[in-house]
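Bear in mind that the values here come from a model prediction, so they are computed numbers and not experimental data. Counting from 1, the numbers follow the sequence of the chain as shown.
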Amino acid sequence: MSVAGPVQQIRFCRAPDGVRIAYAVSGSGPPMLVSTCWLSHLQHDWESPVWRHFLDDIGRFVTIVRYDERGYGLSDWDVTDFSLESRIGDLEAVAEDAGFARFALMGMAQGGPPAISYATRHPERVTRLLFYGSYAGPGTSRETQEQLEAFAALIKVGWARPQHQFRRVFTSMMIPGATEEQMRWLDELQRVSASATTASAALRQRSQANCVALLPELDVPTLVLHSLRDQMNDFEHGRQLATNIAGARLVPLDSDNHIVLGQEPAWPVFVDEVRAFMAPDGAPEHVADGLSPREREVLALVAEGRSNDDIAAELFLSVRTVERHLQNVYGKLGLSGPSARAAAAATLART
């Protein structure tokens, strides 16, 4: 499952409500699934001077699994449900389809609440938890709510315009220390990542997500990284996470930027902290045939003569997900036709 060099594999899976979710796998090392931030586009981010350093530098020691949320990037745009429950479903679908039995989970920015929820529902899958400029619940002050409404209105008016002036408001808050080139890339990301209607609706619905009450339930090694002068998510959110998760460690990043940029001194601090934190996970499980741990688990049950329905019940998966894993197995083993199932099981018996 690991990918060597500057390459990403883009794949698709289905959320529980049928929405198609795009995800990408890149880098090498132990797996880390990123619960995505507000804005993303798998291909645009890969080429961007705002995000490429994250993918390159962290990908040297971690297999990064990241995805475009519903309504964004390469995922389905024609959606209206951006509730926390639907976003948890997106994360669960990616986790199952990627095939890693266990993985680290990073809640990035607004990806915090889905990550917290997933870790409490599936503690057996999460080896460690990271938060990057994130939060458990939004601010509830009148000023915060007024700012939210102002942002939502601004998005509707100016998001899709060719001129960047409206989008620059968000850019200047996310990366005030950026070069003009970096700001233009983030301006463009806003335009290409989602429609104005989606961005506005998603912002409002995401603001209702609140998982503060779940934090004491978490029992997993946790690292919180947060810029001291973050204008999008105040540093106090990072302190709240570290205070309420037992054993969590907070790393204040000396930065004005919500997205820490590659040219600033805080970036190597970020990289070193993530590398050291991820080191105990070692290398991801893999074998010469390229099958992931989850694919081998499914195949082992096939070898026992179990039906897809039985396998789905045993592993708490949907039948569709089991079928998808088997199709991946057949492709990796070069098998096709009516005998593929039996041949794949026989291959497992020889390894």
Exercise. Once you round to the nearest 0.5 Å, how far does CE of M174 lie from CD1 of I259?
Worked result: 6.0 Å
Problem set entry | Residues R275, D272; criterion salt bridge (Lys or Arg N to Asp or Glu O under 4.0 Å); working and verdict | CA-CA 5 Å; R275 180 190 290 111; D272 289 346; 2.9 Å; yes
Exercise. Taking only residues two or more places apart in sequence, or in another chain, which ones meet H53 in a side chain to side chain donor-acceptor pair (under 3.5 Å)?
Worked result: none
Exercise. Taking only residues two or more places apart in sequence, or in another chain, which ones meet P16 in a side chain to side chain contact (heavy atoms under 4.5 Å, CB included)?
Worked result: none
Exercise. What residues form a side chain to side chain donor-acceptor pair (under 3.5 Å) with R306, not counting sequence neighbours?
Worked result: E304, E314
Exercise. Can you tell me if T120 and E217 form a side-chain donor-acceptor pair at under 3.5 Å?
Worked result: no
Exercise. With a cutoff of under 4.5 Å between side-chain heavy atoms, which Ile, Leu, Val, Met, Phe, Trp and Tyr residues group with L42?
Worked result: I10, F12, L74
Problem set entry | Nearest non-hydrogen partners of Q205 and S83, listed with the distance | OE1-N, 3.3 Å
For this session: Go through the steps to decide whether R168 and E180 satisfy the test salt bridge (Lys or Arg N to Asp or Glu O under 4.0 Å), and finish with yes or no.
Result: CA-CA 11 Å; R168 182 58 64 95; E180 179 60 26; 3.1 Å; yes
Exercise. Is the backbone N or O of R229 less than 3.5 Å from a side-chain atom of D256, with the two atoms forming a donor-acceptor pair by type?
Worked result: no
Problem set entry | Qualifying residue for side-chain hydrogen bond (donor to acceptor under 3.5 Å, both in side chains) with R70, from D76, T80, D17, D78 | D17
For this session: Return yes if some donor-acceptor pair links the side-chain N/O of H258 with the main-chain N/O of A109 below 3.5 Å, else return no.
Result: no
Exercise. What's the spacing between L91 CG and E69 CD if we round to 0.5 Å?
Worked result: 9.0 Å
Problem set entry | Heavy-atom donor-acceptor pair, S227 side chain to N257 backbone, under 3.5 Å | yes
Problem set entry | G29 backbone acceptor or donor facing T63 side chain under 3.5 Å | yes
Problem set entry | Flag side-chain contact, heavy atom, 4.5 Å: V269 against L225 | no
Exercise. Atom NE2 of H41 and atom CD of Q190: how far apart are they, to the nearest 0.5 Å?
Worked result: 14.0 Å
Exercise. Between the side chains of D68 and S40, does any donor sit under 3.5 Å from an acceptor?
Worked result: yes
For this session: Verify the ring-centre separation between W185 and H44: is it less than 6.0 angstrom?
Result: yes
Problem set entry | Sub-4.5 Å side-chain heavy-atom contact between I88 and E92 | yes
Problem set entry | Side chains of V94 and C13 in contact at under 4.5 Å (non-hydrogen atoms) | yes
Exercise. Going hydrophobic residue to hydrophobic residue with side-chain gaps under 4.5 angstrom, can you get from L218 over to L84?
Worked result: no
Exercise. Taking NZ, NE, NH1 and NH2 as the nitrogens, is one of them in D281 or R128 under 4.0 Å from a carboxylate oxygen of the other?
Worked result: yes
For this session: Taking T127 for its side chain and A104 for its backbone only, find out whether a donor-acceptor pair lies under 3.5 Å.
Result: yes
Exercise. Can you tell me if D97 and Y23 form a side-chain donor-acceptor pair at under 3.5 Å?
Worked result: yes
Seminar exercise, completed: In this structure, CD of E297 is separated from NE2 of H325 (nearest 0.5 Å) by 9.0 Å
For this session: Please examine the side chains of Y67 and S35, heavy atoms only from C-beta on, and report whether any two atoms are closer than 4.5 Å.
Result: yes
Exercise. Among pairs that include at least one residue of residues 22-49, which meet salt bridge (Lys or Arg N to Asp or Glu O under 4.0 Å), considering only residues two or more places apart or in two chains?
Worked result: none
Problem set entry | Residue pairs fulfilling ring pair (Phe, Tyr, Trp, His ring centres under 6.0 Å) with at least one residue in residues 186-224, sequence neighbours excluded | none
Problem set entry | Contacts of type side chain to side chain donor-acceptor pair (under 3.5 Å), residue S200, not counting sequence neighbours | R204
Exercise. Among all residues two or more places apart in sequence or in another chain, which pass the side chain to side chain donor-acceptor pair (under 3.5 Å) test with E188?
Worked result: R191
Exercise. How far does CE of M232 sit from OH of Y135, to the nearest 0.5 angstrom?
Worked result: 9.5 Å
Exercise. Backbone N or O of G112 within a donor-acceptor pair of the S134 side chain at under 3.5 Å?
Worked result: yes
For this session: Please determine if R184 and D187 form a salt bridge, counting it only when a charged side-chain N lies under 4.0 Å from a carboxylate O.
Result: no
Exercise. Taking only residues two or more places apart in sequence or in another chain, which ones pass salt bridge (Lys or Arg N to Asp or Glu O under 4.0 Å) with D219?
Worked result: none
Exercise. So, does S255 use its side chain to make a donor-acceptor pair with the main chain of A266 at under 3.5 Å?
Worked result: no
Problem set entry | Presence of salt bridge, E85 and R121, under 4.0 angstrom | yes
Exercise. How about W46 and W51: do any of their side-chain heavy atoms sit closer than 4.5 Å?
Worked result: no
Exercise. Just how far is it from atom CZ of R11 to atom CG of N328, taken to the nearest 0.5 Å?
Worked result: 7.0 Å
Problem set entry | same_hphob_cluster(V319, V298) at 4.5 Å side-chain heavy-atom cutoff | no
For this session: Give a yes or no on whether the backbone of G71 and the side-chain of S75 come within a donor-acceptor separation of less than 3.5 Å.
Result: no
Exercise. Do the rings of F270 and Y132 sit parallel, tilted or perpendicular, given the 30° and 60° boundaries?
Worked result: tilted
Exercise. Got a sec, which pairs hit salt bridge (Lys or Arg N to Asp or Glu O under 4.0 Å) with one end in residues 235-248, sequence neighbours left out?
Worked result: E236-R239
Exercise. In the hydrophobic clustering that connects Ile, Leu, Val, Met, Phe, Trp and Tyr at side-chain heavy-atom distances below 4.5 Å, which members other than V192 occupy its cluster, ordered by chain and number?
Worked result: none
Exercise. Would you call R125 and E96 a salt bridge, taking side-chain N to carboxylate O under 4.0 Å as the test?
Worked result: yes
Problem set entry | Beyond-backbone contact of R66 with M108, side-chain heavy atoms, under 4.5 angstrom | no
Exercise. Hey, are the side chains of I175 and T171 touching, using non-hydrogen atoms and a 4.5 Å cut-off?
Worked result: yes
Problem set entry | side chain to side chain contact (heavy atoms under 4.5 Å, CB included) partners of V126, counting only residues at least two apart | L105, Y118, A119, V220
Exercise. Should W267 and V34 be counted in the same cluster of Ile, Leu, Val, Met, Phe, Trp and Tyr side chains packed under 4.5 Å apart?
Worked result: yes
